[in-house]
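Notes follow once the structure below has been shown.
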Amino acid sequence: MATHRSQFLSTLTERGFVHQCTDDEALDALAAEKPLTAYIGFDCTAPSLHVGSLISIMMLKWLQEAGHKPIVLMGGGTTKVGDPSGKDDVRTLLDEAEIADNMRRIEQVFSQFLTFGDGPTDAVMIDNSEWLDGLSYIPFLREYGRHFSVNRMLGFDSVKLRLEREQPLTFLEFNYMVLQAYDFLELARRFDCVLQMGGSDQWGNIVNGVEVGRRADGRELYGLTTPLLTTAAGAKMGKTASGAVWLNADMLSPYDYWQYWRNTDDADVGRFLRLFTDLGLDEITRLEALGGNEINEAKKVLANQATQLCHGEDAARAAAETARRTFEDGEAGDQLPTVDMPRAELESGIPAFEILRRAGLAASNGEARRLIKGGGGRANDIVITDEMQTVSLADVNDQGYIKLSAGKKRHALVRAV
């Protein structure tokens, strides 16, 4: 492993963040010499980011902790175009009101990880619609279109893979990498931003920005990407059988977020502690060396630390306590997901497979049926033996709810309203 002079690149390399860099030695020398400004862009395609974006957020956190200035670039402009990277189909276009609402909700999570303000290393948040919305098409093409080679653009994975699979790629999407490159140039001009970071699927877009900076302004800019992140089982980060692992608490409860990390595969614990917590490397080395059932203690540390970073110390402590009461004491903790169902429906009874789905413990009726057939469905900790068995008001316990379970680790409460 190459050694670095700068704290920033040393930390990212040691913790497993670095995949590609346009000029590792020059960037390291610059970061060791003086504070630098770097950015990552986040499009507003949903009301929350999910765990797949967390590695980028953590990079900005480590950048700031090493004494540099992070820019969070919100894609109010680029979301109107749609990034084709990693997608087989054309993205659904959102209207301006939807984009604005998504941006407002996404912004909330960053204050948990970064310090914003007016200081030299304080983070700033900027919306790229500030300059993209005002561009005039013909002048923009004349000024910047000449710096892009269509031959090379066709060779980048975001375009090449879509064409090889014979999936449609609109001219609108084809423009995305041009606009992202222009973002980098604008940030370089306005804030002396010299580094763009992102996932490995953004490499082509980032390299374009580096080249446009050199050709248009003679600037020395840099790009750095993270590895494609998958679990030990080969699954893409941020997705589960029950849906996306959102970062906003109103999209996914802190308890469910805690459980996501607690259920990490044994083989992923050390890597995830490095990437998604700020624990020291010596402590991580100790935790990942635990064997047998002791590895579960390392998973709890991962869940506590990751949840604390995203949702705060109180939420992490409450989630951990709910898990302890649920799994160790056999109680139903206060933080378990709660689903309200009409009292009238529960009076007549709801089929077991349907109520498991409606409680969010199965993605479909078919999945719920398979869960029950495999012996994994429970009501009030009693195995459901028949998918057509009804769950009704008679199953409401003394605390006023029905506890449903999918296996040993996923639970929800149903409340009659």
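Values in this document were obtained by computation on a predicted structure and should not be read as measured data.
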Please determine whether side-chain contact (heavy atoms from CB on, under 4.5 Å) holds for the pair Thr37 and Leu195, giving the CA-CA distance in whole Å, both sets of side-chain angles, and the decisive distance to 0.1 Å.
CA-CA 7 Å; Thr37 300; Leu195 172 63; over 6 Å; no
[X] vs [Y] side-chain heavy atoms within contact, under 4.5 Å:
X      : Y      : answer
Leu356 : Leu404 : yes
Asp265 : Thr231 : no
Leu135 : Trp131 : no
Leu309 : Met58  : yes
Glu107 : Val72  : no
Leu346 : Arg343 : no
Val414 : Ile350 : no
Leu287 : Leu279 : yes

Indicate the atoms forming the closest heavy-atom contact of [X] with [Y], along with that distance.
X      : Y      : answer
Cys21  : Trp203 : C-CH2, 3.8 Å
Ala38  : Leu63  : CB-CD2, 3.8 Å
Cys44  : Met74  : SG-CE, 4.0 Å
Asp266 : Lys299 : OD1-NZ, 2.5 Å
Thr22  : Leu221 : OG1-O, 4.3 Å
Asp192 : Arg219 : OD1-NH1, 4.3 Å

Taking [atom1] in [X] as the centre, count heavy atoms belonging to other residues, nucleotides or ligands within less than 6.0 Å. Is the count above 12?
X      : atom1 : value
Asp250 : CG    : yes
Gln112 : CD    : yes
Asp282 : CG    : no
Arg142 : CZ    : no
Gln20  : CD    : yes

What distance do [X] atom [atom1] and [Y] atom [atom2] have between them, rounded to the nearest 0.5 Å?
X      : Y      : atom1 : atom2 : answer
Lys80  : Asp95  : NZ    : CG    : 10.5 Å
Leu73  : Phe191 : CG    : CZ    : 9.5 Å
Ile55  : Arg15  : CD1   : CZ    : 11.5 Å
Phe353 : Arg358 : CZ    : CZ    : 10.5 Å
His147 : Glu143 : NE2   : CD    : 6.0 Å
Trp62  : Leu9   : CH2   : CG    : 14.0 Å

Could you go through the side-chain contact (heavy atoms from CB on, under 4.5 Å) check for Arg317 and Asn304 one step at a time?
CA-CA 7 Å; Arg317 189 183 301 113; Asn304 289 338; over 6 Å; no
Residue pair Phe110, Phe42: steps toward the ring pair (Phe, Tyr, Trp, His ring centres under 6.0 Å) verdict:
CA-CA 11 Å; Phe110 289 98; Phe42 300 88; 5.0 Å; yes
Give a yes or no answer on whether the side chain of [X] reaches the backbone of [Y] with a donor-acceptor pair at less than 3.5 Å.
X      : Y      : value
His68  : Leu36  : yes
Ser10  : His4   : yes
Asn128 : Gly76  : yes
Lys403 : Leu413 : no
Ser48  : Asn248 : yes
Arg410 : Gly360 : yes
Lys69  : Tyr39  : no

Determine whether the side chains of [X] and [Y] contain a donor N or O and an acceptor N or O closer than 3.5 Å.
X      : Y      : answer
Asp43  : Thr78  : yes
Gln196 : Gln180 : yes
Ser6   : Asp28  : yes
Asp127 : Ser129 : yes

Answer yes or no: is there an ion pair linking Arg274 with Glu14, defined by an N-O contact shorter than 4.0 Å?
no
Lys300 bridged to Glu297 by N-O distance under 4.0 Å:
yes
Should the pair Phe272 and Trp261 be assigned to parallel (<30°), tilted (30 to 60°) or perpendicular (>60°) ring geometry?
perpendicular
Take Leu185 and Arg215 through the test side-chain contact (heavy atoms from CB on, under 4.5 Å) and record every step on the way to the result.
CA-CA 10 Å; Leu185 183 61; Arg215 291 174 178 174; over 6 Å; no
Checking side-chain contact (heavy atoms from CB on, under 4.5 Å) for the pair Tyr176/Asn205: CA distance, chi angles, key distance, verdict?
CA-CA 8 Å; Tyr176 188 92; Asn205 295 341; 4.1 Å; yes
